[in-house]
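All remarks here apply to the structure that follows.
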Amino acid sequence: MGVMLNLTGKVRLVTGGSRGIGAATVRTLAGAGAQVIVHYGRNAAEAQALVEELGAERALALGADLGAPGAGAALFQAATAWQGRVDVLVNNAGIAPSVTVDDPSGDWADTWARTLQVNLVAVADLCREAIVHFRVRGGGTIINVASRAAFRGDNPDAMHYAASKGGVIALTRSIARGYARDGVLAYAVAPGWVRTDMAEAYLREHAEDIARDIPLGDVVPPEEVANTVAFLASGLARHMTGATLDLNGASYV
Ligand code: NAD
């Protein structure tokens, strides 16, 4: 008999769930039977369209600007109000703006602050609320979307991005070690290039170099990240807690 992912009866919160990797993850989790909260940043219409596609009994849209301090905590609390609980938190929302050391516009400090706020501090705030909630409920799972950039570094205009994702991996491992005895499981995934809005322009401009760099020959489809998240969320691999799973077609180094 094969292994079937059955997520029926579980409530999941996916941040940045209205498009890209997040939307693929929402569809996969809902397809496996979960009820999903589709968090969005600005585009309520996009999130609402996804909720209508899945059905209001299966999905709920919730907006929050994770660039605002405190927004992550408020979002988690609003999410628990829907069904009285959340079983799995998927921290997927993220930004990747550019700035170089000699950027004349002076946006260095602002770019670092914004990136660390959305990609790391808001993730930590959501994790904190989730841990407190999971402890009372006897357990739960956190899955954080990091990046290959955490391991191999990124281009000079995206050092802040690589640093934020390295922080996410260290945070994930700390949660796994610190709260395993409370039933809290924590995993990260680290994709290389994924074909989404975030990467589209770069992928178009550097298509040949990127294809040459990836032994498997192509960038990661968002659905493969979603499948990996669904597997980690299933409880089938509890002892992998703390792990970061690579998805990069063997382009790790
Ligand atoms: P995307 O730009 O399509 O989606 C990003 C999501 O984050 C959107 O839903 C957006 O609304 C949300 N978001 C951004 N800023 C926000 C804010 N201030 N408040 C609330 N929500 C906000 O990109 P994607 O490729 O689907 O990215 C999803 C995750 O995957 C990100 O964490 C990204 O860093 C990571 N990732 C992407 C790639 C890639 O090549 N696309 C590679 C590795 C990791």
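Just follow the structure's listing: the first ligand is 1, and inside any ligand the first atom is 1. Bear in mind the structure is a predicted one, so any value in this text is a computation, not a measurement.
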With heavy-atom distances below 4.0 Å as the criterion, list the atoms of ligand 1 near V118. 18 (N)
Looking at A158, is its backbone amide N or carbonyl O close enough to the side chain of N155 to form a donor-acceptor pair, meaning the two atoms are under 3.5 Å apart? no
Which label fits H133 and F76: parallel for a plane angle under 30°, tilted from 30 to 60°, or perpendicular past 60°? perpendicular
Using a strict cut-off of 4.0 Å, indicate which atoms of ligand 1 neighbour a heavy atom of V145. 29 (C), 30 (O), 35 (C)
Return a yes/no value for Y161: is any of its N or O atoms, backbone included, closer than 3.5 angstrom to an N or O of ligand 1? yes
I need the contact type for R42 against ligand 1. Using non-hydrogen atoms and a strict under-4.0 Å cut-off, is it side chain, backbone, both or neither? neither
May I ask you to identify the nearest protein heavy atom to atom 43 (C) of ligand 1, giving residue, atom name and distance to one decimal place in Å? P191 O, 3.2 Å
Under a single-linkage definition using a 4.5 Å side-chain heavy-atom cutoff for Ile, Leu, Val, Met, Phe, Trp and Tyr, are V14 and I142 assigned to the same hydrophobic cluster? no
Would you check the N or O atoms of A199, main chain and side chain alike, for any that come under 3.5 Å of an N or O of ligand 1? no
Taking atom types as modelled, is there a side-chain donor on S18 or N43 under 3.5 Å from an acceptor on the other? no
Number the atoms of ligand 1 from 1 as they appear, then name those within less than 4.0 Å of a heavy atom of G94, with their elements. 5 (C), 7 (O), 14 (C), 31 (C), 32 (O)
Donor-acceptor contact present, side-chain K165 to main-chain G153, <3.5 Å: no
If only atom types and distance count, is the side chain of H39 paired as donor or acceptor with the main-chain N or O of A64 below 3.5 Å? yes
Below 4.0 angstrom from a heavy atom of A64, which ligand 1 atoms are there? Numbered from 1 as shown, please. 19 (N), 20 (C)
From the candidates G16, A146, G22, A93, the one that places a heavy atom nearest atom 44 (C) of ligand 1: A146
Please confirm whether A23 approaches ligand 1 to less than 4.0 Å, judged on its heavy atoms. no
Tell me the contacting part of N92 for ligand 1: side chain, backbone, both, or neither, using a 4.0 Å heavy-atom threshold, strictly below. both
Counting each atom of ligand 1 from 1 as listed, which ones have a heavy atom of I95 under 4.0 Å away? 14 (C), 15 (N)
What protein heavy atom sits nearest atom 40 (O) of ligand 1, and how far away is it? V194 N, 2.8 Å
Counting heavy atoms only, which part of H39 comes closer than 4.0 Å to ligand 1: side chain, backbone, both or neither? side chain
In terms of atom number and element, which parts of ligand 1 are under 4.0 angstrom from non-hydrogen atoms of G67? 18 (N)
Considering heavy atoms of the protein only, find what lies nearest to atom 24 (P) of ligand 1 and give residue, atom and distance to 0.1 Å. T196 OG1, 3.5 Å
Report yes if some N/O of W193 lies less than 3.5 Å from some N/O of ligand 1; otherwise report no. no
Sidechain-backbone polar pair: D103 side chain, S105 backbone, donor-acceptor under 3.5 Å: yes
Starting from atom 3 (O) of ligand 1, which protein heavy atom do you reach first, and at what distance in Å? R19 NE, 3.0 Å
Can you list the ligand 1 atoms lying under 4.0 Å from a non-hydrogen atom of S147? 43 (C), 44 (C)
Donor-acceptor contact below 3.5 Å, side chain R195 vs main chain P221: no
Atoms of ligand 1 less than 4.0 Å from D65 heavy atoms? 17 (C), 18 (N), 19 (N)
